[in-house]
2 protein chains.
Amino acid sequence: METVLTTEQRILEAARKVFFAKGFGGARMQEIADEAGINKAMLHYYFRSKDQLFDVILEEALGRLWPTVGEIFMGEGTLAEKIGGFVDLYVEMVQERPYIPLFIMNEAQSNPAKLLARLGECRPPLQQMATAMQQAAARGEIRAADPRQTLMHLMSLVVFPFVARPVLKMFFGLTEDQFISLARERKREITCLIMNDLKPDTPVNN
Amino acid sequence: METVLTTEQRILEAARKVFFAKGFGGARMQEIADEAGINKAMLHYYFRSKDQLFDVILEEALGRLWPTVGEIFMGEGTLAEKIGGFVDLYVEMVQERPYIPLFIMNEAQSNPAKLLARLGECRPPLQQMATAMQQAAARGEIRAADPRQTLMHLMSLVVFPFVARPVLKMFFGLTEDQFISLARERKREITCLIMNDLKPDTPVNN
DNA sequence: GTCTATACGGCGATAGAC
DNA sequence: GTCTATCGCCGTATAGAC
């Protein structure tokens, strides 16, 4: 139970903060050093170069992209429960680290080579999701649907509002508290939206 | 019908390209000059500083954020038609200029002051949309719903896939062509998704 | 209006004392 | 391991010839 962080830990914490906020190109080694309360030279002592320091941060971030989402879809229960679980977990992740998705989308555009190579190793649980959806469709719980579209719907609905948070707050004239409560309402809304879309055809009631 | 562009126009075109791709911090005046086929000094001759050049580009981009969306919701027709029209128009806009949303979300985070002031003047047509939804609800065409949530749904579903395009292509293992056709399918999907969600309660069939 | 040359500062990175 | 000092490069911006 040591509350004193090592120099390396303080550097990493500072680097996360600055890289996530400014991206690779916008981040300054000096700012990271200041944030960590140490000297610029120490950054190079511990991590040779800006590139290598960035790689460590990037690796961490990518590892946290897909929490334990795959397991949710492989577990027991109805698809509605699984989708609900996915949304809960994913909203929580994005809410805790809102900078990560924007950071990743940015780097994917400005430094594609660097990012996309590593991104290949962090695929979403598309296979598990497809299986879960097929089984649910066979049970008549939902209609047949393209799991890629459904995953894109889910990611869009969960991630976008946090990525665009400052813009949306301005558009809707919201305070931070109001935004948070609006975001909270969304969890349930999103699940309903998706399940409604996947409802099986009901010729009788049509 | 003059195909020869003035120097100023060529600078602006080059600046759009570079700023949209790299953001303010990542863009280099040298790159803009090369792209325009002129000298670096000319940039400063026409636009004094990088900041002022950027402001011009930003202004343009903000003006194109909301096409003539407001009019769609004020016109005749069912809400389903209006939503469909919104999606068509908005997808088209984002498809044509995919860099603009990411660019705006970025600058909103890294240079909030500069952007958010001007952003206030480019609000989405929330008022028109709210009115159209209230009227549709009164006609029994849809259930009562928070127009802010509906607008957030729409923006999320339309914008996110384009902003995250490189990432999604990698996740799903898609070529550019495959991505485009997936995006095309989405237009209809999104409209259905939203209208399904807004369907009025039907106690008889419930 | 367009060019070359240059000023000036900030950046990443390293050397070397302690 | 930690610091100060400094190198070399590249960024924005300007001066001045044509």
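Here the structure is a predicted model, which means the values were calculated and not measured.
Contacts of Tyr46(A) with the nucleic acid, taken as non-hydrogen atoms under 4.0 Å apart, involve only primed sugar atoms and P, OP1 or OP2. Looking at heavy-atom distances under 4.0 Å, Met29(A) makes contact with sugar-phosphate atoms alone, never a base. Counting non-hydrogen atoms under 4.0 angstrom, Ala27(B) reaches the backbone sugars and phosphates but no base.
Counting heavy atoms from C-beta on, the side chains of Met133(A) and Phe73(A) never come closer than 4.5 Å. Looking only at side-chain heavy atoms (C-beta outward), Val18(A) and Arg28(A) stay at 4.5 Å or farther from each other.
For DNA chain C, the outermost nucleotides in 5' to 3' order that have an atom under 4.0 Å from a heavy atom of chain A are dC11(C) to dT14(C).
Under the side chain to side chain contact (heavy atoms under 4.5 Å, CB included) criterion, Glu107(B) pairs with Phe24(B), Phe54(B), Phe103(B), Ser110(B), Asn111(B), Leu115(B), not counting sequence neighbours. Take Gln52(B) and apply the side chain to side chain contact (heavy atoms under 4.5 Å, CB included) test, not counting sequence neighbours, and it matches Arg48(B), Ser49(B). Applying the side chain to side chain contact (heavy atoms under 4.5 Å, CB included) criterion to Met155(A), with sequence neighbours excluded, gives Trp66(A), Leu151(A), Phe160(B), Leu168(B), Phe171(B).
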Could you go through nucleotides 4-10 of chain D and list every protein N or O atom that sits under 3.5 Å from one of its N or O atoms, giving the distance for each pair?
from, atom 1, to, atom 2, distance (Å)
dT4(D), OP2, Asn39(A), ND2, 3.2

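Among pairs with a residue in residues 155-170 of chain A, those fulfilling salt bridge (charged side-chain N to carboxylate O under 4.0 Å, His left out) read Arg165(A)-Glu176(A), Lys169(A)-Glu176(A), at least two apart in sequence or across chains.
Spacing between atom CD1 of Ile11(B) and atom P of dT12(D) amounts to 14 Å, rounded to whole angstrom units.
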